[in-house]
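For reference, the structure discussed in these notes is given below.
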Amino acid sequence: MDLEASPGSLSHVPATGRPVPEAEPELVERWRSGGGELVDLLSQVRERFGGVAAFRLGPTPTVLVTDPQAVQHVLARHPERYVKRSHRARLLIGDGVLAATGAAWKGQRRLLQSQFTGPGMRRYEQRITEAARTTAARWARYARTGQSLDVGREMHRFALDAIWRSLTGNPLDDGTERELDAVAAVAAILPTLPADVTDARDAVAADLARIDAVARHAIEAARSGQAGPHGPGLLHVLIDAATERPEYTDRLIRDELVTLLAAGHETTATTLTWLYLLLDQHPTTREQALAAGGEGSAQRRHAIQALVHETLRLYPSVWILPRHATEGDTLAGYTIEAGTDILVCPYLTHRDPELWPDPEHFDPMRFITPDGRPTHPGSYLPFGIGPRACLGLQFALRESTVLLEHLLPVHTLTFQSTPTRALYGITVRPDGPALATLVPPRAQDVSSNSRLSGGARCRAEGP
């Protein structure tokens with residue numbers, strides 16, 4: 001989602017740089033014939049030609065940007081020159097803040113931004129905590145019975161519960177959860193839908209109808225004055241806005257609600273799933289985080305946050321950011337012609353060995369030790385940077401930390417099956433379930449009512 005920032009100046013020196021280095025057609029053809037993922041092509045282009053480089057999938061070049069200074073130039077310093085033309089999820093989220101542009105985007109962002117920073121975030125602390133407690137109680141039952149679980153599904157349930165409580169004031173019930181599975185289903189299939197909008201909509205019509213029905217019921221309940229046990233939620237803020245802002249029709253309220261549902265749970269669930277898979281490969285990092293301080297201490301919280309940040313470095317919430325140059329510019333000394341398509345790729349920036357030593361290695365200490373990570377703002381951007389950076393950054397980090405504070409000290413995970421590779425769609429997600437069982441907590445820890453112990457001993461190989 002989108003954060004406010006000062007726009008760059010419209011006046012600038014005309015483009016006078018040298019030509020952007022471009023990958024030869026043979027490289028692209030080899031990639032096509034090999035049937036690789038887009039990220040494979042981008043990796044080859046970055047490795048061969050550097051942090052600003054071009055390639056052609058059609059008649060005109062696309063410029064890949066991974067150099068931190070160039071990333072900051074495009075996303076933060078001059079967002080008016082490099083604009084977001086459309087969003088791949090518009091079919092799902094309509095005119096919600098993620099897809100909105102221009103004056104509409106500014107107004108929608110302004111309304112929502114206060115809800116996700118500072119005092120606004122404090123309104124949702126208890127709701128996030130209750131969602132974490134619900135998950136912890138469910139895991140305790142799994143441990144007692146020996147029932148297996150899908151870690152990805154569990155993270156999905158938690159994140160959806162946290163955002164649903166924050167939106168409506170109500171805990172997530174089983175029926176609503178089943179219907180909202182349609183959000184993840186549509187998001188997953190978006191990259192494969194037909195280019196024709198009508199054909200694409202027809203392909204997911206049933207799922208969209210399920211989503212619309214849930215949204216309509218929630219809006220009607222909020223408008224009638226119904227508030228859940230947590231009190232009014234963010235949905236009530238949107239409905240109240242409609243009394244003074246005629247643009248907030250039922251359709252726009254629906255679009256914002258679905259945007260917040262989709263962006264507010266899918267990325268968090270995916271990050272937490274990757275984190276558990278990484279802890280499986282590197283169990284000592286969990287032990288180090290728990291040993292950093294006692295329960296509830298700032299030291300332990302900081303160490304847990306480092307686990308989250310390092311997971312986001314390897315698997316950023318936003319792995320690719322398309323932009324379009326509205327005018328000529330000079331970027332890192334290279335000429336960018338008006339009309340050029342740009343791809344900013346945080347995934348590759350985060351794996352640049354010149355920025356991140358041993359970049360494929362999971363090392364949370366990068367975010368703890370002094371000088372452990374590069375300081376340039378364009379070198380670490382799992383939620384983007386600049387005016388259109390993710391609005392829910394603080395929410396996502398908070399809910400991830402709170403859940404891990406509840407779960408990490410508690411059980412040993414033993415994986416039965418794990419994903420084999422990453423899928424690069426709107427997010428970078430595991431390609432299948434991660435089935436595991438939980439070892440019951442030690443008796444002495446049960447008696448202390450929260451100090452439960454175990455080790456995250458899992459057997460997955462990361463992609």
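In what follows, residues are counted from 1 in the order of the sequence shown.
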Distance-only donor-acceptor check, side chains Q115 and Y124, under 3.5 Å: yes
R30 backbone acceptor or donor facing S33 side chain under 3.5 Å: yes
Residues R398, I128; criterion side chain to side chain contact (heavy atoms under 4.5 Å, CB included); working and verdict: CA-CA 8 Å; R398 186 69 188 125; I128 291 171; 4.3 Å; yes
Candidate pair E130 and R127, rule salt bridge (charged side-chain N to carboxylate O under 4.0 Å, His left out), full reasoning: CA-CA 5 Å; E130 289 300 324; R127 304 175 194 217; over 6 Å; no
Verdict with supporting geometry, L234 and S166, side chain to side chain contact (heavy atoms under 4.5 Å, CB included): CA-CA 6 Å; L234 183 50; S166 300; 5.8 Å; no
Any donor-acceptor N/O pair, T349 side chain to T66 backbone, under 3.5 Å: yes
Donor-acceptor pair, side chain of R366 and main chain of P357, under 3.5 angstrom: yes
Distance-only polar pair, side chains of W139 and E154, donor-acceptor under 3.5 Å: yes
L98 backbone acceptor or donor facing R388 side chain under 3.5 Å: yes
A99 backbone acceptor or donor facing R90 side chain under 3.5 Å: yes
Evaluation steps, side chain to side chain contact (heavy atoms under 4.5 Å, CB included), between F362 and T311: CA-CA 8 Å; F362 180 68; T311 302; 3.7 Å; yes
F158 vs V402 side-chain heavy atoms within contact, under 4.5 Å: no
For H156, all residues meeting ring-ring contact (aromatic ring centres under 6.0 Å, His included), sequence neighbours excluded: H265
Main-chain N/O of I336 paired with D329 side-chain donor or acceptor, under 3.5 Å: no
Heavy atoms from other residues, nucleotides or ligands near CD of E37 exceed 12 (cutoff 6.0 Å): yes
Trace of the side chain to side chain contact (heavy atoms under 4.5 Å, CB included) decision for R48 with E24: CA-CA 10 Å; R48 287 278 304 279; E24 64 275 15; 3.1 Å; yes
Between H309 and Y380: side-chain donor-acceptor atoms closer than 3.5 Å: yes
Under the side-chain contact (heavy atoms from CB on, under 4.5 Å) test, residues paired with H376 that sit two or more places apart: P68, Q69, Q72, S379
Side-chain touch L238/L112, heavy atoms, less than 4.5 angstrom: yes
Contact check, side chains of F116 and L260, non-hydrogen atoms, under 4.5 Å: yes
Salt bridge (charged side-chain N to carboxylate O under 4.0 Å, His left out) assessment of R153 paired with D181: CA-CA 10 Å; R153 181 65 184 174; D181 281 344; 3.0 Å; yes
Close side-chain approach of D150 to L435, heavy-atom, < 4.5 Å: yes
4.5 Å side-chain heavy-atom contact, C345 and W319: yes
More than 12 heavy atoms of other groups within 6.0 Å of E47 CD: no
Exam field: side chain E310 to backbone M365, donor-acceptor pair closer than 3.5 Å: no
Test item: Y315 and T270 side chains (from C-beta on) under 4.5 Å apart, heavy atoms: no
Side-chain (D431) to main-chain (T420) donor-acceptor, under 3.5 angstrom: yes
Sub-4.5 Å side-chain heavy-atom contact between F55 and L64: yes
Side-chain donor or acceptor of R351 paired with backbone N/O of L314 under 3.5 Å: yes
No-hydrogen, no-angle side-chain donor-acceptor test under 3.5 Å, R165 and Q126: no
R300 vs L290 side-chain heavy atoms within contact, under 4.5 Å: yes
N/O donor-acceptor pair under 3.5 Å between E22 side chain and A54 backbone: no
